[in-house]
Number of protein chains: 2
Amino acid sequence: MDARIPSSNNESPWLPFESRRRARDEKREAVLRTAVALFLEQGYHGATLNEVAKRLNITKPALYNYFRGKDEILYECWSIGNELVDDCIAETSAGGGSGLDKLRKLIVRYAELMTADYGKSLVRFDIRDLSEHNRKIVQTAKRRIDRAFRDYIAAGVEDGSVQACDPKLAAFAIAGSLNWIGHWFQPGGELSGRAVAEEFAIRLTEGIAKTTTQATSTRKTTARKAAAAPAAEKVDKPPRKGNATREETSEHHTRTAAGAAGQSKRARSRLR
Amino acid sequence: MDARIPSSNNESPWLPFESRRRARDEKREAVLRTAVALFLEQGYHGATLNEVAKRLNITKPALYNYFRGKDEILYECWSIGNELVDDCIAETSAGGGSGLDKLRKLIVRYAELMTADYGKSLVRFDIRDLSEHNRKIVQTAKRRIDRAFRDYIAAGVEDGSVQACDPKLAAFAIAGSLNWIGHWFQPGGELSGRAVAEEFAIRLTEGIAKTTTQATSTRKTTARKAAAAPAAEKVDKPPRKGNATREETSEHHTRTAAGAAGQSKRARSRLR
DNA sequence: ACTATTTATTACCCACGGGTAATATACGGG
DNA sequence: CCCGTATATTACCCGTGGGTAATAAATAGT
């Protein structure tokens, strides 16, 4: 079975025989970090919970202390990625600048997200592996992201920083390039995530930017961190997703969404 | 179990109680058409062979007369898509024009492929669901496609039709946009595949085209693609992807790769 | 019509992996 | 020190679905 050797290396909170008292959330997040990496590496269906557990020096059932099932883990991975994107959009929207400025800012941030695990989970995981309920949340959130791109482009067209074009198609084209990063980018290559992000921000907007005239101004600044905004979030843990078919009536699943579709803002923590 | 009603609708060669004598290849392709549609609709892992068979008015084991397993069906779907792309590249390379001309031509054709089932299979299916052997073929072919984009861009830079840029990143950006079409495009929407393709050909090259000055003439040329180079591809049939059980020696399923990595050119037919 | 071959069906097998039950161990508090 | 709670383990269940064996029905050739 699992060797359970002291091994040494990694940073699992469950070092075989040691202080295993770390905060619950820390462990929960460790599960997600491990899971997202494995899911990306082997594919959601190719990865097993036993393997996830093994990498954490625990056994499969222990995972069920933190999640109701494999699909929930998948959802939570996705959810974290989504929060990161939401933050990008929030920051970008908060900052000033023309439509083009905002578009470029969003591209840079979004592109860089796509070079990291949680960002990749947004585009590499299949929505159909989620429960009906979570799938809807994801779909809604995806539309919101798409909306952000379109809105910036439309704003740019209106303020003159962007050429006249179909915002919908232009957004698809840009988002496609960016999302694709999540498929080919491998850390450790010749290009850093940052470099790719900045190159893309320029390349992808050259086609629609109004280069002639237009000073584009760009004050830079703006993007101040916008230091958080707590957001309570209170949730309990319902007894598993009812598994086979029928969906429970009321209670159950209260959580799920948490910050996903809502504000987000790094609130994920307590559960149960 | 399965109703086996005359139903009516679809074009399955196996109309319940009727002339089921159609040519083998026709049936084989019918399986692939059904499979690719189902795989796209429900995901490879979500779709079952029973469901594929049911849609064809046959039963699961009958599928094994045409394919060695689910993963081979997946591979064949992918393979057809790949042949279509190969044809695009071949045609584009054969035609004349500057690097930019060729790039645009390829974009239009490739984009349109992405709006159809077999094209989508190129970007929606997970390479990890294939056998080791087929996975390598797919990876090689993908690199070839990427190469085509890069070569056209590089040729364009050299002949002056394209701005100086990193062909690798530019190719990724363009391919990303195009591949993404395979994820969002739904036939029956407001835009036809053709319309999307042509819009993208323009939008995606505006960023790198040398609009100012440069007549795109410039002798240069160089980057001739060096028309093809056959590469025979000869493969025999290894005893199933490893897995359990032994495998028959000869006959049955000789095909496998066939034109996949090689020329393609609508050669798929004969088998056994 | 008889036979060989192809193609389909029914009835199975069984490995894999998600999920659960029963239980053991650690910890924190009174 | 004892008890309750949180957390982990061992041992198990079992549905699903890919794949196979045995066999029947259709087809072609002579």
Side-chain angles (χ1 to χ4, degrees), chain A residues 1-2 4 12-28 30-31 35 38 42-54 56-74 129 131 237 239-245 270-272, chain B residues 1-2 4 12-28 30-31 35 42 44-54 56-74 129 131 239-248 251-253 271-272:
Chain A
M1 297 41 174
D2 53 339
R4 190 56 52 85
S12 164
W14 290 274
L15 296 175
F17 256 68
E18 210 159 339
S19 76
R20 62 173 64 177
R21 90 194 56 212
R22 291 274 233 296
R24 177 184 180 78
D25 290 352
E26 231 171 296
K27 294 185 190 166
R28 204 181 132 96
V31 171
L38 193 68
Q42 318 200 331
Y44 177 68
H45 292 281
T48 70
L49 291 187
N50 274 321
E51 179 66 19
V52 172
K54 185 145 87 170
L56 289 164
N57 291 318
I58 55 175
T59 57
K60 179 176 59 173
L63 296 173
Y64 285 82
N65 277 318
Y66 304 97
F67 303 94
R68 312 229 313 284
K70 195 186 184 188
D71 65 309
E72 187 179 280
I73 295 179
L74 182 71
D129 291 322
S131 67
K237 180 200 174 198
R240 172 99 260 267
K241 88 150 109 201
N243 186 5
T245 57
R270 154 190 51 300
L271 154 63
R272 168 194 251 172
Chain B
M1 286 321 155
D2 53 340
R4 191 56 53 84
S12 164
W14 291 272
L15 297 175
F17 256 69
E18 212 158 339
S19 76
R20 62 173 64 174
R21 90 196 57 210
R22 291 273 234 295
R24 178 184 179 78
D25 289 351
E26 232 171 296
K27 294 186 191 164
R28 205 181 132 95
V31 172
Q42 318 200 331
Y44 177 69
H45 292 280
T48 70
L49 291 186
N50 274 321
E51 178 66 20
V52 172
K54 185 145 87 171
L56 289 164
N57 291 316
I58 56 175
T59 56
K60 178 177 60 171
L63 297 172
Y64 285 81
N65 278 316
Y66 305 96
F67 303 93
R68 312 231 310 286
K70 195 186 185 189
D71 65 309
E72 187 179 281
I73 295 179
L74 182 71
D129 292 322
S131 67
R240 176 109 251 274
K241 148 234 311 272
N243 191 2
T245 62
R246 58 23 216 308
E247 184 64 0
E248 276 66 17
E251 34 76 273
H252 246 10
H253 303 294
L271 155 66
R272 167 192 255 172

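Only heavy atoms go into these numbers, but all of them, side chains included; no hydrogens, no water, no symmetry mates. By convention in this document, chain letters (A, B, ...) are assigned in the order of the sequence lines, proteins followed by strands, and residues within each chain are numbered from 1.
Distance CG (A:N50) to C1' (C:dG18): 9 Å, rounded to an integer number of Å. Rounded to an integer number of Å, the gap from B:I58 CD1 to D:dA26 P is 16 Å. One can place NE2 of B:H45 at 15 Å from P of C:dC16, the figure rounded to the nearest angstrom. Atoms CG (A:L63) and P (C:dT20) sit 13 Å apart, rounded to a whole Å. Rounded to whole Å, atom C1' of D:dT20 lies 18 Å from atom CZ of B:F67. What separates CG of A:L56 from P of D:dT9 is a distance of 10 Å, to the nearest Å. Summarising the geometry, the separation between CG on B:N57 and C1' on C:dA8 is reported as 13 Å, rounded to the nearest angstrom. Straight-line distance from the CD1 atom of B:I73 to the P atom of D:dG17: 15 Å, rounded to whole Å.
In this structure, the side chains of B:K70 and B:Y44 come closer than 4.5 Å at one or more pairs of heavy atoms. Looking only at side-chain heavy atoms (C-beta outward), A:Y66 and A:I73 stay at 4.5 Å or farther from each other.
Counting non-hydrogen atoms under 4.0 angstrom, A:A47 reaches the backbone sugars and phosphates but no base.
Taking side-chain N and O atoms only, B:R24 has a distance below 4.0 Å to OP1 or OP2 of C:dT7. OP1 or OP2 of D:dA8 sits under 4.0 Å from a side-chain N or O of A:Y66. An OP1 or OP2 oxygen of D:dA8 is reached within less than 4.0 angstrom by no side-chain nitrogen or oxygen of A:T59.
Side-chain atoms of B:L49 lie closest to D:dG19 of the nucleotides D:dG19, D:dT9, C:dG19.
Evaluation of the side chain to side chain donor-acceptor pair (under 3.5 Å) rule for B:Q42 yields no partner, not counting sequence neighbours.
A donor-acceptor contact under 3.5 angstrom links the side-chain atoms of B:K60 to the base of D:dG18.
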**Request:** Decide side-chain hydrogen bond (donor to acceptor under 3.5 Å, both in side chains) for B:H45 and B:D129; before the verdict, give the C-alpha distance in whole Å, the side-chain angles of both, and the deciding distance to 0.1 Å.
**Result:** CA-CA 9 Å; B:H45 292 280; B:D129 292 322; 2.9 Å; yes

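Between atom OG1 of residue B:T48 and atom NZ of residue B:K54 there is a gap of 8.5 Å, rounded to the nearest 0.5 Å. Atom OG of residue A:S131 and atom CZ of residue A:R68 lie 8.0 Å apart, to the nearest 0.5 angstrom.
Recorded end-axis angle for the helix from C:dA1-D:dT30 to C:dG30-D:dC1 stands at 0°, based on five pairs per end and rounded to 10 degrees.
Where A:P61 and A:T48 each meet DNA chain C at their nearest nucleotide, the meeting point lying more 5' is that of A:T48.
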